[in-house]
Colleague: 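Supplied in structure tokens, the structure appears directly below.
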Amino acid sequence: MSEIPKAYEPQSVEDKWYQYWLGHDCFKADPARVSERRPAYAIVIPPPNVTGVLTLGHVLNNTIQDILARKARMDGKEVLWLPGTDHAGIATQTVVERTLKKQGVIKHRDDLGRDAFLERVWEWKEKHGGIIIQQLKKIGASCDWSRERFTMDPEYTRCVQHVFVDLYRKGLIYRGKRMVNWCPASLTALSDEEVVMKEQKGFLYHFKVEVVEEPGRFLTIATTRPETIPADTAVAVHPRDPRYASLIGKHVRRPLPLENQAPIPIVADDHIDPEFGTGVLKVTPAHDKADFEIGHRHRLPLIDAIHPNGIMNEHAGRDLAGLERFAARKKAAELLESIGALDKAEPYTNHVGYSERADVPVEPRLSEQWFLRYPGVEASRHCVAPPHDAEHPGPAHPAPAPHGHPGTIRFFPDRWAKVYDHWMGHLQDWCISRQLWWGHRIPVWYRRAEGAPSDAAPLETRCQIESPGPGWVQDPDVLDTWFSSWLWPFATMGWVGETEKDQHNATLRAFYPTVDLVTGPDIIFFWVARMIMAGIEYRGAVPFRNVYFTGIIRDKQGRKMSKSLGNSPDPLDLVARFGADALRFGVMRSAPLGQDVVYDEANVELGRNFCNKLWNACRFRQMQGGEVQAEIRPDLLTNDDRWILLRLDQAMQEIDRGYEEYRFNEISQTLYRFFWNEYCDWYVEASKAGLNSDQPALKANKVAVLDFVLSHTLRLFHPFLPFITEELWHGLGYAQDMPAPQGGVTLMQAPWPRPLSTEEREEWGLETSVDAVAAAKFELVTLGRNLRAQFNLPANKRLRFILKPAGEMPTHEVDVLRLLLCAESVEVVPGSWTAPQGTPSVANRLGDLFLPLAGIIDPAAERTRLGKDLEKIEAEILKVREKLDNPSFAQKVPAKVLAEHQQRLADWQTKKDQVLSALGNLAA
RNA sequence: GCGCGCUUAGCUCAGUGGUAGAGCACUUCCUUCACACGGAAGGGGUCGCAGGUUCGAGCCCUGCAGUGCGCACCA
């Protein structure tokens with residue numbers, strides 16, 4: 001820091017230190033270093049999509065993880081922050097396929113074939129896969145990059161296959177023909193979690209059908225999907241609905257397709273709500289989950305009238321076949337109308353399941369899929385601590401689990417535990433097969449029975465990782481991406497699922513279970529819950545102890561940040577303009593626990609300004625010269641020195657509490673308040689009196705206090721602002737002062753500052769009265785500055801003030817007052833001194849401060865000003881007195897609060913007297 | 001329908017029973033030797049509404065109103 005620019009320039013600093021940290025292996029975790037004195041601390045990154053780019057959500061999420069990791073290192077822990085990426089099946093395959101189509105390489109992925117297409121996806125992954133990792137480095141993420149993992153790495157793939165085979169053998173994975181959520185755009189099955197309900201405006205069509213056995217009698221049916229009428233195989237009514245009781249067992253004539261108006265039975269089923277519509281439901285077992293069950297109960301045939309891609313097929317009849325399902329809906333309504341069967345079509349809003357990924361309505365569809373019955377459900381459900389009960393508060397952090405017990409997990413904020421519990425209590429089997437190419441192929445093999453002549457021959461099935469040999473064909477489907485990511489916390493640590501080997505895996509032994517997980521509540525079911533189940537099933541222990549759920553970053557209109565809306569700023573652009581530290585600080589300051597965050601660039605600007613303030617405060621220290629980090633001499637400490645040491649202590653305590661409860665925005669606010677409002681605004685300004693002293697010992701001691709505060713501040717700031725603090729740590733020479741492994745090489749390894757010990761407080765004379773004295777002094781200064789402003793005296797005009805102290809007033813304190821008041825001089829007068837008539841003044845318990853302007857000022861204006869003050873003071877007195885006068889107040893209130901109120905009253909009384917006397921002086 | 005949030009200054013938001021806060025924006029003054037990415041002073045709030053508990057409520061309880069998000073097989 002030999003040549004110090006006036007403003008902080010992050011660009012020249014950030015890359016330098018990131019390379020330095022990498023070069024010194026600062027991010028590397030070594031299980032061999034773990035001991036009782038050096039506990040392990042691990043976080044696994046929520047693996048971003050390998051082809052993704054960094055969003056503000058990632059910045060928030062990963063900054064929190066980086067803060068936790070850096071703090072843990074300073075706490076002396078052996079830290080593993082394990083990074084990696086996810087292959088993101090559908091998303092990645094879609095992107096690559098779309099790109100190849102755009103380039104004109106293919107019309108459909110079938111043009112290439114499975115193997116060739118996958119080659120292209122791997123090429124794409126190699127080319128674009130590193131982007132988000134590089135971006136994470138730009139924001140300072142201190143991951144152990146030597147352990148970076150990808151969910152399709154060979155070892156990881158092996159884990160996935162191993163788990164599949166194991167669950168298959170345990171009978172938890174099975175294949176079945178079921179109704180699944182089918183995405184007609186991606187042409188694959190989806191899990192229930194990948195379907196989002198959306199409001200959809202449409203029509204409720206009422207149409208008539210004739211009862212076959214009673215010609216001339218009609219039933220009216222309400223439906224939102226007339227295009228599925230050709231696939232109806234029954235109509236259903238409630239068994240106890242008197243309107244239709246006589247019709248049960250009879251038939252109606254299905255109106256569509258026109259060329260095949262077949263009779264279908266009227267069945268009775270409890271599922272029907274007699275109140276809804278006409279109380280008659282058309283039953284389409286092949287295209288509706290509930291109808292499928294009704295069909296099952298009544299052994300109804302299935303008619304599948306829709307192709308997988310959403311186009312109506314031949315069963316829909318000649319009028320509808322070939323039409324897309326929504327066009328067919330319109331057409332079906334027209335057909336009904338043309339035969340006079342349509343009663344009415346009333347506008348109607350209902351909820352329809354959409355494919356989250358492709359954003360098209362899912363089509364319930366019967367198909368052969370693989371399902372998982374979740375393992376370890378009961379243990380997983382009970383290991384998460386229920387929401388905090390005010391009457392029975394649990395420990396802030398769960399203790400490590402006793403041997404053989406899976407352990408417990410705390411959620412932050414804890415209300416998510418309820419959501420988790422509800423989901424765990426209503427688990428449905430998980431559809432894990434996907435009709436995609438990109439992903440882990442299902443390790444199941446089929447073979448026709450030997451010598452079998454036709455397709456009708458039964459299939460032999462084997463579930464194992466390697467091919468059983470010639471003649472065996474592997475299942476074409478791949479696994480849901482989450483079926484690999486639910487193994488993330490241990491598969492990334494080299495777990496292989498063989499007891500012997502896993503027991504000798506040092507990383508796994510040292511770092512599993514991890515400590516913290518930081519993720520979004522939107523993947524609580526997708527990922528968090530499933531990881532817990534996998535952890536308990538395969539490691540016998542929960543995968544993490546604390547889960548921090550971030551908020552969701554929204555734009556100013558409250559919308560989620562999304563690529564398609566184009567409302568997400570590019571974080572790297574923000575880094576370029578404001579610096580990585582500024583971005584981190586701005587995001588963290590505005591992200592309270594459990595609350596969504598409205599993004600505002602002003603927050604990042606604030607972060608930049610804060611970095612600049614820090615920079616300049618350190619510059620100021622450097623300009624004072626002198627020995628670095630000298631011993632503080634207690635006998636030379638002024639009240640201001642003691643005050644700032646107390647404020648620092650207070651800040652350290654607040655920050656420690658903040659970390660305990662993951663209240664990062666509070667930490668950042670404490671850092672901001674302490675450094676800017678307490679240290680810079682008051683202490684640094686006041687210290688200039690001592691620094692300008694002609695007594696070298698006084699000046700040296702002042703510098704020693706500056707160093708003490710700054711060296712602590714830089715450490716406190718480091719988890720939030722890693723780059724600038726490292727630069728300043730070295731620039732100010734604090735690194736030279738520390739042992740190499742504890743800050744001598746890098747601030748990253750410096751010990752976390754602890755609140756002051758009783759000994760230190762005693763040695764430095766940090767009594768509580770220090771605060772009161774400082775507060776009174778600063779108040780008097782504000783009053784004096786206010787006086788200056790009241791009389792429109794320019795801020796740069798040097799004024800003479802006169803001080804009549806109420807008690808003792810050391811010379812150096814007068815110097816401080818002079819500096820803070822920006823005064824030419826502050827003349828101290830004895831208690832007997834009386835001001836000339838009409839001299840404006842202010843006062844507090846330290847004394848009276850006069851601005852000798854007699855004759856210059858307008859007594860009337862001054863009287864108005866003082867009158868206003870008096871009004872305010874009397875209102876305050878009234879407020880306090882009202883409380884004190886209440887008889888039960890004195891009886892019931894804690895002594896401390898009572899004393900506070902009495903002191904407050906006394907203070908206001910004093911002020912009132914002073915204002916009254918000033919008014920008297922004016923009038924005389 | 002059930003569950004969970006949110007409603008505090010013009011804006012974005014902290015506030016965990018004891019004198020209503022921050023940043024931005026606004027008004028006035030100041031390029032004073034760390035910082036104009038800065039300094040000083042100031043204006044601005046019946047804390048969504050109505051009850052209740054309490055000596056005392058922005059905070060706890062009940063109801064209501066707005067708003068957002070989950071979960072849910074009403075076609």
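Residue numbers start from 1 in every chain, and the chains themselves are labelled A, B, ... in the order their sequence lines are given, proteins ahead of strands. What you see is a predicted model, and the numbers here were worked out from it, not measured in a lab. Values reported hereafter were calculated over all heavy atoms of this structure, with side chains retained and with hydrogens, waters and symmetry mates removed.
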Colleague: Should the pair A/K613 and A/Y672 be classed as cation-pi, given the thresholds of under 6.0 Å to the six-membered ring centre and 45° from the axis?
Modeller: no
Colleague: Of the options B/C55, B/C33, B/G56, whose atoms approach the side-chain atoms of A/K883 most closely?
Modeller: B/G56
Colleague: Could you tell me the separation between the CG atom of A/L787 and the P atom of B/A40, rounded to a whole number of Å?
Modeller: 18 Å
Colleague: Which is true for A/E666 with a 4.0 Å heavy-atom rule: it touches a base, it touches only sugar-phosphate, or it touches nothing?
Modeller: base
Colleague: What does A/K6 touch in the nucleic acid at a heavy-atom separation under 4.0 angstrom: a base, only the sugar-phosphate, or nothing?
Modeller: sugar-phosphate
Colleague: With a 4.0 Å cut-off, would you call A/R881 and A/E876 a salt bridge?
Modeller: no
Colleague: Are the side chain of A/D269 and the backbone N or O of A/A236 linked by a donor-acceptor pair below 3.5 Å?
Modeller: no
Colleague: Think A/K613 has a side-chain N or O under 4.0 angstrom from the OP1 or OP2 of B/G39?
Modeller: yes
Colleague: Report yes if at least one side-chain N or O of A/W676 is closer than 4.0 Å to OP1 or OP2 of B/C37; otherwise report no.
Modeller: no
Colleague: Which base sits across from B/A75 as a Watson-Crick or G-U pair, both distances under 3.5 Å?
Modeller: none
Colleague: Give a yes or no on whether the ring-centroid distance for A/Y244 and A/H238 is below 6.0 angstrom.
Modeller: no
Colleague: Report which part of the nucleic acid A/Y348 touches: base, sugar-phosphate, or nothing (heavy-atom distance under 4.0 Å, all strands).
Modeller: sugar-phosphate
Colleague: Flag the pair A/K879 and A/E874 as a salt bridge only when some basic side-chain nitrogen lies within less than 4.0 angstrom of an acidic carboxylate oxygen.
Modeller: no
Colleague: Need the pair for B/U54. Rule: Watson-Crick or G-U wobble, both distances under 3.5 Å, any strand; none if unpaired.
Modeller: none
Colleague: Taking a pair as Watson-Crick or G-U wobble with both distances under 3.5 Å, which nucleotide is matched to B/C2?
Modeller: B/G70
Colleague: Base, sugar-phosphate, or nothing: which does A/N603 touch, judged by heavy atoms less than 4.0 Å apart?
Modeller: nothing
Colleague: Report the distance from atom CZ of A/F801 to atom C1' of B/A40, rounded to the nearest whole Å.
Modeller: 12 Å
Colleague: Look at the side-chain N and O atoms of A/R415 and state whether any lies under 4.0 Å from the OP1 or OP2 oxygen of B/C4.
Modeller: no
Colleague: Remember a base hit wins even if backbone is also touched, and classify A/L281 as base, sugar-phosphate or nothing at under 4.0 Å, heavy atoms.
Modeller: base
Colleague: Does B/A75 have OP1 or OP2 under 4.0 Å away from a side-chain N or O of A/K289?
Modeller: no
Colleague: Could you check how far CE of A/M588 sits from C1' of B/A22, rounded to whole Å?
Modeller: 17 Å
Colleague: What integer number of Å spans the P atoms of B/C4 and B/G43?
Modeller: 43 Å
Colleague: Is A/S590 touching bases, backbone alone, or none of the nucleic acid, heavy atoms closer than 4.0 Å?
Modeller: nothing
Colleague: Heavy atoms only, 4.0 Å cut-off, all strands: where does A/N350 land among base, sugar-phosphate and nothing?
Modeller: sugar-phosphate
Colleague: Go nucleotide by nucleotide along RNA chain B from the 5' end; which of A/D600 and A/P274 gets its closest nucleotide reached first?
Modeller: A/D600
Colleague: Report the distance from atom CD of A/E199 to atom C1' of B/C71, rounded to the nearest whole Å.
Modeller: 16 Å
Colleague: Would you classify A/P521 as touching base, sugar-phosphate or nothing, given that sugar-phosphate means primed atoms plus P, OP1 and OP2, and contacts are heavy atoms under 4.0 Å?
Modeller: nothing
Colleague: Expressed in whole Å, how much space separates the P atoms belonging to B/C49 and B/G66?
Modeller: 15 Å
Colleague: Just checking A/N786: base, sugar-phosphate only, or nothing, at a heavy-atom cut-off of under 4.0 Å?
Modeller: sugar-phosphate
Colleague: In whole angstrom, give me the gap between the P atoms of B/G17 and B/C6.
Modeller: 15 Å
Colleague: When you get a sec, tell me which of B/C55, B/A75, B/A14 is the closest nucleotide to the side chain of A/T223?
Modeller: B/A75
Colleague: Where the side chain of A/P894 is defined as all heavy atoms beyond and including C-beta, which of B/A34, B/G23, B/G18 is the nearest nucleotide?
Modeller: B/G18
Colleague: Rounded to the nearest angstrom, tell me the gap between atom NE2 in A/H426 and atom P in B/G70.
Modeller: 18 Å
Colleague: Report which part of the nucleic acid A/R608 touches: base, sugar-phosphate, or nothing (heavy-atom distance under 4.0 Å, all strands).
Modeller: base
Colleague: Mind checking A/V283 for me? I need base, sugar-phosphate or nothing, with any heavy atom below 4.0 Å counting as a touch.
Modeller: nothing
Colleague: For A/K896, report the nucleic acid contact type (base, sugar-phosphate, nothing); a contact means any heavy atom under 4.0 Å.
Modeller: nothing
Colleague: Among the nucleotides B/C30, B/U19, B/A75, which one has an atom lying closest to any side-chain atom of A/P794?
Modeller: B/C30
Colleague: Does the pair A/K418/A/D421 count as a salt bridge with the N-to-O cut at 4.0 Å?
Modeller: no
Colleague: Closer than 4.0 Å, any side-chain N/O of A/S888 to the OP1 or OP2 of B/U54?
Modeller: no
Colleague: Quantified in whole Å, what is the P atom distance between nucleotide B/A9 and nucleotide B/G48?
Modeller: 8 Å
Colleague: Please check if the distance between the ring centroids of A/F610 and A/F717 is under 6.0 Å.
Modeller: yes
Colleague: Among the nucleotides B/U12, B/A34, B/G3, which one has an atom lying closest to any side-chain atom of A/V598?
Modeller: B/U12
Colleague: B/G38, OP1 or OP2 - any side-chain N/O from A/N609 closer than 4.0 Å?
Modeller: yes
Colleague: Of all the choices, B/C37, B/A34, B/C74, which nucleotide is nearest to the side chain of A/N616 once you look at every atom?
Modeller: B/A34
Colleague: When the distance from NZ of A/K879 to P of B/G56 is rounded to whole Å, what number comes out?
Modeller: 16 Å
Colleague: If you check every side-chain atom of A/N612, which of B/C37, B/A34, B/U32 has the closest atom?
Modeller: B/C37
Colleague: Suppose we define a pair by two distances each less than 3.5 Å, Watson-Crick or G-U wobble; what does B/C59 pair with here?
Modeller: none
Colleague: What's the gap between B/U8 and B/C47 when it is taken at their P atoms, as a whole Å value?
Modeller: 11 Å
Colleague: Which sits closer to the 5' end of RNA chain B, A/E193 or A/E275, going by the nucleotide each is nearest to?
Modeller: A/E193
Colleague: Let's test this: given Watson-Crick or G-U wobble pairing with both distances under 3.5 Å, identify the partner of B/G38.
Modeller: B/C30
Colleague: Which one is paired to B/U46, where only Watson-Crick or G-U wobble pairs with both distances under 3.5 angstrom count?
Modeller: none
Colleague: Determine whether the aromatic ring centres of A/Y662 and A/F412 lie less than 6.0 Å apart.
Modeller: yes
Colleague: How would you label the contact of A/C680 with the nucleic acid (heavy atoms, under 4.0 Å): base, sugar-phosphate, or nothing?
Modeller: base
Colleague: Looking only at the aromatic ring of each residue, does the gap between the centers of A/F411 and A/W416 stay below 6.0 angstrom?
Modeller: no
Colleague: Using purine N1 to pyrimidine N3 plus N6-O4 or O6-N4 for Watson-Crick, or N1-O2 and O6-N3 for G-U wobble, each under 3.5 Å, what pairs with B/A9?
Modeller: none
Colleague: Does NZ or CZ of A/R584 fall inside the cone over A/F720's six-membered ring, less than 6.0 Å from its centre and within 45° of the axis?
Modeller: no
Colleague: Using a 4.0 Å heavy-atom cut-off, does A/R589 contact any base of the nucleic acid, only the sugar-phosphate backbone, or nothing at all?
Modeller: sugar-phosphate
Colleague: Nearest to the side chain of A/A290, which nucleotide is it out of B/A75, B/C73, B/C74?
Modeller: B/C73
Colleague: Could you state the CD1-P distance from A/I524 to B/G70, rounded to the nearest angstrom?
Modeller: 13 Å
Colleague: Using the C1' atoms only, state how far B/U46 lies from B/C2, rounded to an integer number of Å.
Modeller: 36 Å
Colleague: For the side chain of A/F525, counting heavy atoms from C-beta on, which of B/C71, B/A34, B/G18 is nearest?
Modeller: B/C71
Colleague: Rounding to the closest angstrom, what is the interatomic distance between B/U67 and B/C29 at atom P?
Modeller: 45 Å
Colleague: Between B/C71 and B/C55, how far apart are the P atoms? Round to whole Å, please.
Modeller: 45 Å
Colleague: Report the distance from atom CG of A/L606 to atom C1' of B/A14, rounded to the nearest whole Å.
Modeller: 13 Å
Colleague: Can you establish whether the number of heavy atoms outside A/R800 located under 6.0 Å from its atom CZ is more than 12?
Modeller: no
